[in-house]
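Contents: one structure, followed by commentary.
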Amino acid sequence: MSEIRILPLGAGQDVGRSCILITMGGKNIMLDCGLHMGFHDDRRFPDFSIICKDGPLTPYIHCVIISHFHLDHCGALPYMTEVVGYNGPLYMTYPTKAICPLLLEDFRKVTTDKTTQQGPYTTEDIKNCMKKVIPVSLGQTVKVDTDFEIKAYYAGHVLGAAMFHIRVGQQTLVYTGDFNTTADRHLGSAHIDRCRPDVLITESTYGSTVRDSRRARERDFMAKVVDCVRTGGKVLVPVFAVGRAQELCILLETYLERMNLNVPIYFASGLSEKVNTYYSLFVSWTNEKIQSTFHQKNIFDFKHIKPWDRSYVEQPGAMIVFASPGMLHAGYSLHLFKKWAPDEKNMIIIPGYCVANTVGSKLLLGQRRFLFDGKEIEAKMQVHYMSFSAHADAKGITQLIRQCQPSNVVLVHGEDLVMDFLRGRVQDELKIPCFKPANGETIIIQTPHGVPVDIEPGLVQQLKEETADVNRSEKRTKQMRGTLIIKDGRLRLVRPSTAMNELGLVHHAVQFHSRFSSTTNIRPIQLISLIELLERKLNSNDNEIKHRIILISDNLLHIDNQQLRVSIESNGDIDIAWTLNNELLGQQVSSYIKSFIDQYTSTANVITISDSAASPDPM
Amino acid sequence: MRLYCLSDDPNLPCFILTINGRSILLDFPLPIDHLLDYLPIPSPGCLNRFSSLPKYKLLSYNKENNLPQQINELRLLHNQLYIYSPIEFYTLDSNQYDFSLIDIILISNYETFLGLPYLFKKYKNLHAQIYLTEPTYRFGQQLMYEMVAYVEQQSKMIQTNNEWKYDSNIFDAIEEQQKDKKLKLFSYAQKLMPCYSMEYVDKCLSHVTIVHFNEQIDLYSSIRASAISSGYCLGSCNWQLDINVNHNQTSKIETSSSQSNHSSLIYMSSSTTLDTYSTKFNYDSFINCDYLLLSNLCLSSAIDASINANELTIKIGNILNDHGSVLIPCSSTGLVYHMFEFLTNYFEQTNLLNIHMYFISPISNANLSISNAMSEWVTEQRQIASFSGTPPFKHNELIKSKCLITISSDRLDDTETLINFEQPSIIFTGHTSLRFGPIVQLIEKMKTSSSNGIIFIDNQYSYIDALKPYQPINMKCFYIPIDTRLNFSQINILLNDKIRPKNLILHENYFNDIIKNDKINILSYRKYDNIKLPSINRYFINGQLNIKSDIKPKLISSSSSSSSSNLAIASIHGHLDMCDYVYDINEIDNENIKQNNFITYGKIDIDKFLINLSKSGLFGLEIKYLNEYDNEQSNRSVEIKYNQDAAKIIVHSKQTDIQCNDPLLMNKIRDALLMDNIGTL
């Protein structure tokens with residue numbers, strides 16, 4: 001029995017630091033290699049020492065797959081490949097490969113100590129790491145190795161986000177990464193085939209909530225923003241530089257054009273404006289509408305949104321600022337928060353998920369007093385949380401599970417309680433076994449697959465002929481006899497005769513005979529009468545297998561395709577011959593025929609006597 | 001499997017492939033070989049000098065024969081008959097086949113895509129799914145728009161009626177009058193149809209399914225298709241069809257042996273081994289394929305694209321140095337992208353400054369922005385650019401630096417004359433037939449000066465015939481075709497040394513130029529041939545084994561067989577069921593049915609057998625060696641009798657017969673025979 005092992009190094013009953021190790025068909029695959037935003041020490045990286053105490057990981061990992069460019073999915077990658085050491089294949093989609101290094105570089109800058117130059121990894125590490133990446137297209141079947149292939153499906157979520165279908169031999173697994181089942185202003189919705197994988201590893205960030213419609217959310221967002229700027233307040237929207245930022249920018253652009261609102265909008269991020277050009281380079285990853293119009297108008301060319309300048313922070317009056325990062329743990333957004341939090345006219349709208357321990361998460365939990373560099377700041381500004389996260393909600397996750405019809409579901413990338421809720425739903429409603437392994441906990445899922453074998457067409461043909469005229473239930477009891485040849489790791493199932501031929505073996509037939517001589521003074525036994533007997537004896541019992549009795553000629557009878565022959569020889573002897581493996585049948589038939597002959601002889605004798613009594617003795 | 005061949009021109013490929021009762025249309029290009037029979041028509045607002053040509057007069061006109069006196073739609077110029085009407089087209093479909101029965105349409109590249117709207121217009125019940133790559137879709141769509149736009153302009157310029165086409169008496173009269181044999185234009189005249197409208201372009205495109213390279217698409221349960229990069233242009237592909245695949249095993253990857261359970265058919269169209277701007281030609285999976293359908297090779301084997309490219313730059317340099325302008329008729333997509341960068345490089349190297357390249361087409365801007373969004377479909381080198389946030393092509397830079405100027409306006413009327421073109425300039429525009437599009441008035445303007453030049457890089461048309469209506473011309477004229485498609489020497493190397501298909505299907509025109517090889521079975525076709533493809537024996541069927549108990553395989557050291565590797569064999573007994581196209585072999589769970597099943601092979605060691613018999617208590621055996629021709633000890637036959645005739649055993653070299661009426665005794669003999677003696681399986 002084959003099995004798939006799953007060991008989360010991160011994202012097990014938790015959000016952040018996604019890194020799942022799977023073993024299937026003898027291949028070790030790492031899904032994502034992210035970092036945890038809530039920690040600032042080594043705990044932010046997955047614990048690679050589980051794989052190997054020290055030394056490079058290349059011998060232990062056969063392939064690494066990155067689902068999308070968010071740091072909690074790829075942030076630890078340069079650390080893994082360059083610091084720990086990994087030279088094996090590394091897959092991500094084209095846009096991910098393009099955008100990922102920008103975010104890694106941004107993270108490096110933010111976390112590297114300015115004085116000691118100590119950081120998680122260097123710019124050079126990022127470059128070298130990205131050189132190892134093999135880009136993949138949607139739908140393209142990538143052959144990693146013999147009998148080992150991966151295929152990317154569209155996941156929505158962010159530009160270039162993909163779900164991966166992995167096949168090793170007979171075993172299949174789907175990893176969703178982060179996905180969104182509803183299309184938004186710039187991305188399409190996740191889609192997967194009905195591929196019936198053995199295991200589906202799905203994210204469960206919003207696994208317990210059902211969200212309202214996108215339109216309602218957008219209206220709400222705009223209403224709040226407009227309210228705030230009308231009173232001269234400043235709106236801070238912490239976002240990650242790529243992803244929701246573009247979505248909200250498109251939203252603001254379209255609304256502002258329509259509402260004729262004259263408030264400056266800024267975009268503050270450590271990344272250059274280049275980010276937006278990536279969107280036009282990979283237009284095929286955006287939604288239908290943008291794709292069909294991009295050759296007329298580039299929607300990512302924002303007219304109203306200007307790049308941020310540090311001096312603007314003291315500028316009076318209303319403004320709207322998108323600032324990175326999204327969880328307020330560092331950078332522009334935190335800086336602006338510190339400046340603007342004390343003024344109740346201002347407003348902060350957190351549009352996405354915040355990992356535990358970040359300022360954003362604390363703010364959402366109701367904390368209003370923060371200590372920054374020994375100075376206490378009280379947040380009097382309005383705090384709003386509006387989920388624009390492009391994650392599927394409970395409905396979306398079940399919809400995806402229904403679409404792909406897995407045999408098992410494994411939940412990752414979600415909070416423990418949320419997972420419990422979702423697991424109940426998957427098990428009760430969808431009747432699919434569901435697991436939620438914790439970090440460092442290995443789960444083993446049995447996958448009942450046969451061993452692939454190449455069958456000789458003749459074998460199938462032979463069986464078809466043998467079962468041509470029998471009904472379905474009998475067909476099921478029909479045995480196939482074949483010879484398995486194992487050579488060069490390949491299994492072939494052939495007819496025994498083919499195997500013998502191929503191996504140069506000569507068949508030695510072993511035949512058993514029972515012979516009953518007929519007494520000279522009785523009339524020869526007719527085979528027809530024997531058929532009647534045998535049918536009655538062999539085939540009357542319902543439970544047993546039916547035998548096929550065929551009269552070939554007046555003095556020859558076959559049972560079960562020559563397994564047993566009954567013949568009457570020229571001298572009147574009855575010969576019952578059967579081959580090896582049919583001893584039971586042979587002996588049964590012999591005993592039936594023997595008793596028949598005995599009976600026949602005795603009655604014949606009686607008749608003989610009466611005959612002689614009736615006629616006068618010529619002697 | 002059958003292949004119905006619809007085209008007589010291997011560079012205009014169109015086939016219907018029938019597999020397992022499904023019909024697959026391979027490409028549907030739009031024939032444009034007849035366009036040279038038309039008179040050029042300039043865009044609205046320009047002087048149409050051809051309109052003043054006299055209408056064709058029928059000399060045989062009289063009141064009795066009911067012929068018209070003159071035909072407005074036919075004009076004579078330089079003693080050649082031209083059609084004077086908006087361009088019309090004919091298509092490759094034939095009435096012999098009901099095209100609404102087509103299930104699947106596979107398209108190789110945007111050049112072989114342009115006829116499809118006609119098919120959807122003609123066959124209302126056609127619901128076939130069209131599979132193509134994203135660039136093929138986007139550029140194909142643009143090229144259709146362009147075509148529709150050009151023809152619309154033409155019909156603004158001239159009004160015509162089509163009556164002449166339907167009177168064969170007129171044809172006869174004209175042929176007689178022209179003292180010409182058969183006029184080619186009459187052979188297709190009645191098949192001509194007005195250009196399709198946007199409505200049918202949209203209808204056709206609504207059937208599109210976009211695929212990626214190497215994406216495995218299950219067309220039907222047993223047919224799988226993949227588009228494999230052909231290197232010719234953005235998104236161009238060759239189609240690989242895997243037939244009789246096991247549906248359930250999403251893809252059984254090729255095992256170490258070359259055997260496979262499915263047969264594969266490769267439809268190869270426009271491929272190139274040259275390094276261009278698009279993803280490389282990939283033929284790894286074609287090796288040893290069962291069928292290879294070959295089409296769209298280079299039009300003339302004498303063309304070497306790289307030599308011609310050099311010559312092109314020299315000619316352009318000469319004309320520009322002579323203060324002339326260069327006119328290059330070309331398609332609005334494809335080679336031009338490469339040209340812009342190639343020429344810019346050349347100008348930089350040779351210090352030709354301030355050269356302006358004009359790209360004129362209603363779809364020039366759209367095509368440039370589409371090409372820059374196709375970063376997954378370009379060469380690896382260009383991909384690297386897109387990974388660092390720069391578009392794969394340099395169009396945008398060139399436009400910013402005014403090196404490249406696009407004129408998307410599809411009309412350049414006479415008021416906006418060439419004076420507005422900044423000199424020196426190179427103008428890229430279409431159509432390559434020189435019969436419609438902005439090129440018509442550009443030739444009229446430029447032909448007067450001998451310092452100007454026109455360079456033909458497209459080899460689809462005879463440039464002499466194409467230019468004929470414009471004569472006399474003073475401008476220089478060069479023919480430097482750049483055709484990157486595989487030529488015969490390249491394809492011969494590929495076929496014989498690399499791909500080695502079992503069956504090769506090609507047009508009869510290609511037959512003589514292909515090097516024959518007795519391992520490759522060549523089938524040649526002509527138009528309307530319906531070829532039955534030779535069937536391929538299946539070596540094995542995919543199945544899976546579900547046996548829970550231990551299989552006890554026997555190791556056999558192969559002394560006889562040539563392969564040195566060890567192999568093991570085991571007997572398998574079970575149910576064989578087909579379920580979801582996969583054969584399942586399941587263990588028998590019913591103990592009653594499970595018998596001790598084995599097969600015996602080899603020879604009986606008589607001495608051992610006799611010892612075993614006596615071990616089981618059978619003494620007093622009568623042994624008689626039978627007289628046989630073979631004297632060799634091992635092949636001798638033996639008769640063994642026990643207890644008079646209670647049991648008689650005859651051992652031959654290939655068979656043993658045991659005759660006995662006592663079941664218990666018989667079992668003893670059997671066990672003695674099988675114990676450590678004869679080989680069992």
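Every chain is numbered from 1, with letters handed out A, B, ... down the list of sequences.
Interatomic distance, CD of A/Gln291 versus CD1 of B/Ile210, reported as 6.5 Å (0.5 Å rounding). With rounding to the nearest 0.5 angstrom, the CD atom of B/Glu376 is 10.5 Å from the CG atom of A/Leu281. Note that CD1 of B/Ile384 is 10.0 Å distant from NZ of A/Lys131, once rounded to the nearest 0.5 Å. Note that CZ of B/Arg138 is 5.5 Å distant from CZ of A/Phe294, once rounded to the nearest 0.5 Å.
A side-chain donor-acceptor contact under 3.5 Å links A/Tyr278 to the backbone of B/Phe387. Using a distance-only test at 3.5 Å, with no hydrogens or angles considered, a donor-acceptor pair links the side chain of B/His212 to the main chain of A/Leu138. Judged purely by atom type and a 3.5 angstrom limit, A/Ser514 uses its side chain to pair as donor or acceptor with the backbone of B/Cys660. Side chain of A/His507 to backbone of B/Lys654: no donor-acceptor contact under 3.5 angstrom is found.
Comparing A/Val510, A/Val283, A/Val494 by heavy-atom pairs within less than 4.5 Å of chain B, the highest count is held by A/Val510. For the set B/Ser226, B/Ser369, B/Ala373, B/Ala227, the count of heavy-atom pairs under 4.5 angstrom toward chain A peaks at B/Ala373. Ranked by heavy-atom pairs shorter than 4.5 Å toward chain B, the options A/Ile455, A/Thr579, A/Ile576 are led by A/Ile455. Ranking A/Ser284, A/Ser280, A/Pro135 against chain B, the residue ahead of the rest is A/Ser284, based on heavy-atom pairs under 4.5 Å. In terms of non-hydrogen atom pairs under 4.5 Å with chain B, the most contact-rich of A/Val506, A/Asp575, A/Leu584, A/Leu493 is A/Val506.
Using a 4.5 Å heavy-atom threshold, the side chains of B/Lys648 and A/His513 count as separate. B/Arg670 is listed as a side-chain neighbour of A/Phe512, based on a closest heavy-atom distance under 4.5 Å. At a threshold of 4.5 Å between non-hydrogen side-chain atoms, the residues B/Gln142 and A/His295 count as touching.
When all heavy atoms of A/Gln587 and B/Asn667 are compared, the closest pair comes out as NE2-OD1, 3.3 Å.
When heavy atoms are compared at a cutoff of 4.5 Å, B/Glu134 approaches chain A solely by way of its side chain, counted from C-beta outward. Using a 4.5 Å cut-off between heavy atoms, B/Asn661 contacts chain A through both its backbone and its side chain. If you measure heavy-atom distances from B/Leu673 to chain A, the contacts under 4.5 Å come from the side chain alone.
In this structure, A/Lys132 places its NZ atom where more than 12 heavy-atom neighbours from other residues, nucleotides or ligands lie under 6.0 Å away. Annotation: A/Glu288, atom CD; neighbour count of heavy atoms from other residues, nucleotides and ligands within 6.0 Å does not exceed 12.
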Task: Verdict with supporting geometry, B/Gln216 and A/Lys151, side-chain contact (heavy atoms from CB on, under 4.5 Å) - done: CA-CA 10 Å; B/Gln216 298 179 329; A/Lys151 177 178 178 181; 5.7 Å; no

